[in-house]
Colleague: 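Questions regarding the structure given below will be posed in turn.
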Amino acid sequence: QVQLVESGGGLVQPGGSLRLSCAASGFTLDSHAIGWFRQAPGKEREGVSCVSSSDGSKYYADSVKGRFTISRDNAKNTVYLQMNSLKPEDTAVYYCATDWNGSRCHRPPYDYWGQGTQVTVSS
């Protein structure tokens with residue numbers, strides 16, 4: 001069955017960097033779009049980034065453009081989110097998501113979600 005597992009979260013100082021991983025099992029992710037989302041306490045979930053498989057297009061929320069980079073490693077069946085110049089407002093639980101059958105990025109709902117990984121940006 002399809003599973004997604006996020007990792008790489010932790011505590012980092014403002015201006016620091018962190019790389020999140022989304023490891024897939026039960027499917028080959030190079031044929032699926034993978035989206036990254038985050039949710040801070042008391043706030044709604046928001047989209048952060050997405051990479052499609054139909055044409056390889058990458059998308060970023062305005063709040064993270066120029067700071068975050070999404071990438072694929074097909075050999076490892078993993079998608080990464082490199083986060084640089086982190087700010088306190090980036091603090092949230094980060095989730096990755098995909099569909100059973102779909103190659104395009106889109107708004108939720110998605111069929112499958114990981115358990116999330118906590119990112120805390122604080123001095």
Side-chain angles (χ1 to χ4, degrees):
Q1 63 179 8
V2 172
Q3 286 187 280
L4 299 171
V5 179
E6 303 95 335
S7 62
L11 175 63
V12 65
Q13 292 183 317
S17 298
L18 214 54
R19 188 177 73 163
L20 305 184
S21 299
C22 176
S25 62
F27 70 102
T28 301
L29 63 73
D30 64 2
S31 63
H32 293 74
I34 301 292
W36 282 99
F37 299 84
R38 66 187 182 187
Q39 187 166 23
K43 295 186 177 181
E44 294 184 344
R45 179 186 57 197
E46 65 174 336
V48 176
S49 184
C50 185
V51 57
S52 73
S53 62
S54 58
D55 60 2
S57 297
K58 298 176 181 179
Y59 303 91
Y60 300 94
D62 289 342
S63 60
V64 307
K65 285 181 180 177
R67 299 189 298 120
F68 290 12
T69 303
I70 191 169
S71 62
R72 292 177 180 267
D73 186 335
N74 291 330
K76 296 182 178 180
N77 214 32
T78 299
V79 169
Y80 301 99
L81 185 67
Q82 178 67 46
M83 306 186 296
N84 298 326
S85 301
L86 284 163
K87 304 174 181 179
E89 49 263 47
D90 295 318
T91 296
V93 177
Y94 284 70
Y95 302 89
C96 60
T98 193
D99 288 325
W100 172 249
N101 185 20
S103 62
R104 298 177 60 191
C105 292
H106 59 83
R107 288 178 168 270
Y110 280 86
D111 292 331
Y112 302 100
W113 296 81
Q115 85 289 346
T117 185
Q118 176 71 49
V119 172
T120 302
V121 184
S122 177
S123 59

Colleague: Show the nearest heavy-atom pair for residues Phe68 and Tyr60, with the distance to one decimal.
Modeller: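 Taking every non-hydrogen atom into account, O-CE2, 3.2 Å.
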Colleague: Is it the case that the side chains of Ser57 and Asp55 hold a donor-acceptor pair, with the cut-off being a distance below 3.5 Å and no angle test?
Modeller: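 Yes.
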Colleague: Under a 4.0 Å N-O cut-off, is there an ion pair linking Arg67 with Asp90?
Modeller: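 Salt bridge between Arg67 and Asp90, a charged N being under 4.0 Å from a carboxylate O: yes.
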Colleague: Membership question, hydrophobic clusters at under 4.5 Å side-chain separation (ILVMFWY): are Ile70 and Trp113 in the same one?
Modeller: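 Trp113 does not cluster with Ile70.
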Colleague: State, without any angle test, whether Arg38 and Tyr94 hold a side-chain donor-acceptor pair at a distance under 3.5 Å.
Modeller: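 A donor-acceptor contact under 3.5 Å links the two side chains.
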Colleague: Looking only at atom types and distance, does a side-chain atom of Lys87 sit under 3.5 Å from a main-chain N or O of Gly15, one as donor and one as acceptor?
Modeller: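 The answer is no, because no donor-acceptor pair under 3.5 Å joins these two groups.
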Colleague: Are Ile34 and Val64 joined in one hydrophobic group, where the rule is that I, L, V, M, F, W and Y side chains link up if heavy atoms are under 4.5 Å apart?
Modeller: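 Yes, because Ile34 and Val64 connect within a single hydrophobic cluster, where side-chain heavy atoms sit under 4.5 Å apart.
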Colleague: Between Leu20 and Met83, what is the shortest heavy-atom contact and its length?
Modeller: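 The answer is CG-CE, 3.7 Å.
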Colleague: Is the backbone N or O of Trp100 less than 3.5 Å from a side-chain atom of Asp111, with the two atoms forming a donor-acceptor pair by type?
Modeller: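 Checked: pair present.
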Colleague: What is the minimum heavy-atom distance between Phe27 and Asn77, and which atoms define it?
Modeller: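 Residues Phe27 and Asn77, closest heavy atoms: O-ND2, 2.9 Å.
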Colleague: Can a donor-acceptor pair be found, under 3.5 Å and without considering hydrogens, that links the side chain of Thr91 to the backbone of Thr120?
Modeller: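 Answer holds: no.
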Colleague: For Asn84 and Ser17, which I'm curious about, is there any donor-acceptor pair between the side chains at under 3.5 Å?
Modeller: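 Yes, Ser17 and Asn84 have a side-chain donor paired with an acceptor closer than 3.5 Å.
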Colleague: Membership question, hydrophobic clusters at under 4.5 Å side-chain separation (ILVMFWY): are Val12 and Val48 in the same one?
Modeller: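 Val48 and Val12: one cluster.
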Colleague: Between Thr69 and Leu81, does a side chain to side chain contact (heavy atoms under 4.5 Å, CB included) hold up when you go through it step by step?
Modeller: CA-CA 6 Å; Thr69 303; Leu81 185 67; over 6 Å; no
Colleague: Hey, could you give me the OG/CD distance between Ser21 and Gln82, rounded to the nearest 0.5 Å?
Modeller: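 Result: 10.0 Å between the selected atoms.
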Colleague: Hey, does Arg72 have a side-chain heavy atom less than 4.5 Å from the side chain of Ser53?
Modeller: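 Sidechains of Arg72 and Ser53: in contact.
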Colleague: Report the C-alpha distance between Leu18 and Val119 in whole Å, list the side-chain angles of each, state the deciding distance to 0.1 Å, and finish with yes or no for side chain to side chain contact (heavy atoms under 4.5 Å, CB included).
Modeller: CA-CA 9 Å; Leu18 214 54; Val119 172; 4.0 Å; yes
Colleague: For the pair Ser54 (side chain) and Arg104 (backbone), establish whether a donor and an acceptor sit closer than 3.5 Å, ignoring hydrogens and angles.
Modeller: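 Answer holds: no.
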Colleague: Look at the rings of Phe37 and Tyr110 and say which category their plane angle falls in: under 30° parallel, 30 to 60° tilted, over 60° perpendicular.
Modeller: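 Ring orientation, 0 to 90° scale: perpendicular.
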Colleague: Less than 3.5 Å apart, any donor N or O on the side chain of His32 or Asn101 sitting next to an acceptor on the other?
Modeller: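 Judged by distance alone, the side chains do not pair up.
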Colleague: For Pro109 and Asp99, which heavy atoms make the closest approach, and how far apart are they?
Modeller: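 Looking at all heavy atoms of both residues, the shortest contact is O-OD1, 4.2 Å.
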Colleague: The test is side chain to side chain contact (heavy atoms under 4.5 Å, CB included); show your working for Gln115 and Glu6 and say whether it passes.
Modeller: CA-CA 7 Å; Gln115 85 289 346; Glu6 303 95 335; 2.9 Å; yes
Colleague: With a 4.5 Å cut-off on side-chain heavy atoms, are Ser103 and Ser31 touching?
Modeller: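 The answer is no, as the side chains (C-beta and beyond) never meet within the 4.5 Å cut-off.
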Colleague: Take Val79 and Trp36, measure what side chain to side chain contact (heavy atoms under 4.5 Å, CB included) needs, and give me the verdict at the end.
Modeller: CA-CA 10 Å; Val79 169; Trp36 282 99; 3.8 Å; yes
Colleague: Should Tyr95 and Leu86 be counted in the same cluster of Ile, Leu, Val, Met, Phe, Trp and Tyr side chains packed under 4.5 Å apart?
Modeller: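 In one cluster: no.
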Colleague: Which heavy atom of Thr78 sits nearest to which heavy atom of Lys76, and what is that distance?
Modeller: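 Closest pair (atom of Thr78, atom of Lys76, distance): OG1-O, 2.9 Å.
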Colleague: Closest heavy-atom contact between Leu29 and Ala24?
Modeller: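 The answer is CD2-CB, 4.0 Å.
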